[in-house]
Amino acid sequence: VQLVESGGGPVQAGESLSLSCTGSGYIFSNCGMAWYRQASGEDRELVVGVDRFNTTTYKESVKGRFAITLDGDRKTMYLRMNQLKPEDTAMYYCAADNPVPTGTRLPVLCAWRYNWFGRGTQITVSS
């Protein structure tokens, strides 16, 4: 599975941006999905995750500003980011637990970890 992110780029502080993530020929299953980010010189960190129980957890610093969504056919995951700050500058990665081929009947067994990651898209927020 190749997850591909899109929508990154340079923005000004206070602006909004939406990222999308798709896996050609695959859908996000009933298992978890998430967005991570990694700033230069820092470790990768979880921005937001939705687990197999459909519980959503946001990093404290993005609560109320970021929102994760999944479209109805489960093919595309989004991260809507509002009120962007310079400290949001990072490479953003989408991740999924056990994405499955389109048409697969759900639910499926989960890996209980994010076993697929995209290659990332860079967001740079200037003040």
Are Phe117 and Val50 joined in one hydrophobic group, where the rule is that I, L, V, M, F, W and Y side chains link up if heavy atoms are under 4.5 Å apart?
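Per the 4.5 Å side-chain linkage, Phe117 and Val50 are not co-clustered.
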Should Val11 and Leu19 be counted in the same cluster of Ile, Leu, Val, Met, Phe, Trp and Tyr side chains packed under 4.5 Å apart?
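Yes: a chain of side-chain contacts under 4.5 Å links Val11 to Leu19.
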How is the hydrophobic cluster of Val4 composed, in terms of its other members, when Ile, Leu, Val, Met, Phe, Trp and Tyr link through side-chain heavy atoms under 4.5 Å apart, directly or indirectly?
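Answer for Val4: none, a lone residue.
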Members besides Ile27 in its Ile/Leu/Val/Met/Phe/Trp/Tyr cluster (side-chain heavy atoms under 4.5 Å)
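Same cluster as Ile27: Val100, Leu106, Val108.
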Could you tell me if the side chain of [Y] sits less than 4.5 Å from the side chain of [X], heavy atoms only?
X	Y	value
Ile68	Met77	yes
Leu84	Phe66	yes
Ser29	Pro99	no
Cys21	Trp35	yes
Met81	Ile123	yes

side-chain hydrogen bond (donor to acceptor under 3.5 Å, both in side chains) between Ser16 and Asn82: does it pass, once the steps are laid out?
CA-CA 4 Å; Ser16 298; Asn82 298 320; 2.9 Å; yes
Under 3.5 Å donor-acceptor, [X] side chain and [Y] backbone:
X	Y	value
Thr89	Thr124	no
Gln12	Val125	no
Asp97	Ala111	yes
Arg74	Phe28	yes

Could you give the distance from [atom1] ([X]) to [atom2] ([Y]), rounded to the nearest 0.5 Å?
X	Y	atom1	atom2	result
Trp116	Leu3	CH2	CG	8.0 Å
Tyr114	Cys31	OH	SG	10.5 Å
Cys94	Tyr78	SG	OH	12.5 Å
Lys85	Ser127	NZ	OG	13.5 Å
Leu79	Met33	CG	CE	10.5 Å

Do other residues, nucleotides or ligands put more than 12 heavy atoms under 6.0 Å from the CG atom of Asp73?
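Result for CG/Asp73: enclosed.
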Cationic tip of Arg44 above Tyr93 ring, under 6.0 Å, 45° of axis
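Flagged: Arg44 positioned over aromatic ring of Tyr93.
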Donor-acceptor pair between Thr22 and Thr76 side chains, under 3.5 angstrom:
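No, Thr76 and Thr22 have no side-chain donor paired with an acceptor closer than 3.5 Å.
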I'd like to check the side chain to side chain contact (heavy atoms under 4.5 Å, CB included) partners of Leu46; sequence neighbours left out, ordered by chain and number.
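Listed in chain order: Ala34, Tyr36.
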Please identify which of these residues, Gln122, Lys59, Met91, meets the side-chain contact (heavy atoms from CB on, under 4.5 Å) condition with Arg37.
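Answer to the side-chain contact (heavy atoms from CB on, under 4.5 Å) test with Arg37 among Gln122, Lys59, Met91: Lys59.
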What are the two closest heavy atoms between Glu42 and Gln38, and how far apart are they?
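Heavy atoms only, the tightest pair is O-NE2, 3.0 Å.
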